[in-house]
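Accompanying notes for the structure given below.
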Amino acid sequence: MSSIELSIIVPTFKEVDNVQPLLDALDAALPGITFETIFVDDDSPDGTAARVKQLAQSRPNVRCLHRIGRRGLSSAAVEGILSSSAPFVAVIDGDMQHDERILPQMLDLLRRDQADVVVGSRYADGGSLGDWTKSRAVMSDIAGRLSRTILKGRDLKDPMSGYFMTRRPLFDQAVPHLSIEGFKILLDFIASSDARLRVAECPYQFRNRIHGESKLDSLVLWEYGILLLDKLVGHIVPPRFILFAFVGASGVAVHFALLSAMLSAGVAFLTAQSLATLAAMTTNYLLNDSLTYRDKRHRGLQWFKGLASFYLVCGLGALANVGIASALFRDDYTWWISAGAGVIVGTIFNYALTSLFTWRK
């Protein structure tokens with residue numbers, strides 16, 4: 001068997017009915033090209049990984065990376081590429097919505113050294129969004145415009161595409177700088193590359209999904225925002241810390257709103273203060289678990305263990321806050337400097353310890 005020229009990485013989650021059609025479509029699209037297909041499955045409950053392994057018994061160019069306890073399209077794509085030794089690598093969705101028939105054209109551009117990265121583009125001339133709703137098209141356009149803040153001046157019509165091909169050595173060079181946040185690995189790759197990559201775009205028409213269901217949900221834009229934040233300020237302060245601090249600020253608002261309401265209702269101050277503090281910590285835990293640490297969020301019994309851990313850490317953080325503020329105030333600093341320093345120290349303390357104990361891997 002000749003050496004493999006192209007590795008096609010397919011991140012999957014609950015795509016069991018698309019595995020066989022995708023493999024057949026790739027075979028039809030790539031005659032005469034020696035390629036392999038690497039499915040990276042995040043332990044799909046529908047048996048996607050088992051289906052890939054079954055088909056791999058009769059298809060020597062099919063492999064499955066079965067990930068346990070990890071989720072995320074970007075990280076799946078990275079692991080798939082790093083497992084390959086082929087000189088060219090492509091990333092394509094497992095839902096059959098990307099047009100595999102343009103893969104030979106993409107490969108030809110790389111072979112002839114016409115580009116370093118070739119993007120399957122819905123916005124290039126001849127491309128199409130298919131039957132997208134107007135709201136989804138508008139959100140995609142807004143996200144694309146925002147992406148230009150981290151693209152370093154590169155002219156890319158479809159920066160939100162998840163369909164691309166590149167040389168594996170170029171990707172290997174960018175890996176140490178990747179955020180691996182969210183689901184837009186192409187944007188992460190281009191923004192993280194030291195070299196000024198030459199980018200070409202091949203138009204294609206986005207297809208409707210036939211099998212399975214969309215993985216897009218209301219928090220996809222949140223993950224996208226984390227990626228942009230990481231690329232803009234991640235070298236200065238971790239994006240998670242910024243999100244953790246924002247959540248903490250929302251907890252302060254919850255605390256004062258409940259405290260005011262209970263005091264107005266005649267509840268004793270100590271009781272009202274205690275209940276408001278408990279409520280603020282609980283809402284902070286809920287938001288951090290759902291948003292800041294979405295990739296590590298707790299389920300089942302672990303959710304309650306995480307809550308108890310969060311209560312304990314935040315209680316210690318409150319002591320650190322009060323201790324620092326009191327010490328500074330005794331040294332004749334103004335009350336607002338003392339209080340502000342206490343809040344900063346308490347926030348850093350809470351972030352560091354909850355990262356280690358509440359949301360540890």
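Since the model is a prediction, treat every value here as computed from it, not as a measurement.
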Considering all heavy atoms, the nearest [X]-[Y] contact:
X	Y	result
Ser309	Thr358	OG-OG1, 2.8 Å
Ala280	Gly251	CB-O, 3.3 Å
Ser3	Thr34	O-CG2, 3.4 Å
Ala124	Glu201	CB-CB, 4.4 Å
Ala200	Leu109	CB-CD1, 4.1 Å
Phe244	Thr354	CE1-OG1, 3.6 Å

Is there a donor-acceptor pair under 3.5 Å between the side chain of [X] and the backbone N or O of [Y]?
X	Y	value
Asp289	His298	yes
Ser260	Ala257	no
Ser44	Lys14	yes
Asp116	Arg198	yes
Arg51	Asn18	no
Asp46	Glu15	yes
Arg240	Thr292	yes
Arg63	Glu36	no
Ser355	Tyr351	yes

### Query
Strictly by modelled atom types, are Arg59 and Thr37 linked by a side-chain donor-acceptor pair under 3.5 Å?
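Not at all, the side chains of Arg59 and Thr37 share no donor-acceptor pair under 3.5 Å.
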Under 4.5 Å between side-chain heavy atoms, counting indirect links through other Ile/Leu/Val/Met/Phe/Trp/Tyr residues: same cluster for [X] and [Y] or not?
X	Y	result
Val52	Ile68	no
Ile190	Leu170	yes
Val267	Leu263	no
Val313	Val252	no
Val254	Leu286	no

Just wondering, do [Y] and [X] contact through their side chains at under 4.5 Å, heavy atoms?
X	Y	value
Leu186	Val91	no
Arg168	Phe88	no
Val78	Phe171	yes
Val89	Thr166	yes
Thr283	Ser250	no
Ile8	Leu30	yes
Phe241	Thr347	yes
Leu103	Phe35	no

Distance check, rounded to the nearest 0.5 Å: [X] atom [atom1] versus [Y] atom [atom2]?
X	Y	atom1	atom2	result
Phe164	Ile185	CZ	CD1	6.0 Å
Asn61	Ile38	CG	CD1	10.5 Å
Thr12	Asp43	OG1	CG	10.5 Å

#### Entry: Intermediate values then yes/no, side-chain hydrogen bond (donor to acceptor under 3.5 Å, both in side chains), Tyr163 and Ser121
CA-CA 8 Å; Tyr163 183 20; Ser121 177; over 6 Å; no
### Task
Flag the pair Arg207 and Asp95 as a salt bridge only when some basic side-chain nitrogen lies within less than 4.0 angstrom of an acidic carboxylate oxygen.
no
### Query
Applying the ring pair (Phe, Tyr, Trp, His ring centres under 6.0 Å) test to Tyr285, which of Tyr311, Tyr293, Trp359 qualifies?
Trp359
### Query
Around atom CG of Asp125, are there more than 12 heavy atoms of other residues, nucleotides or ligands at under 6.0 Å?
no
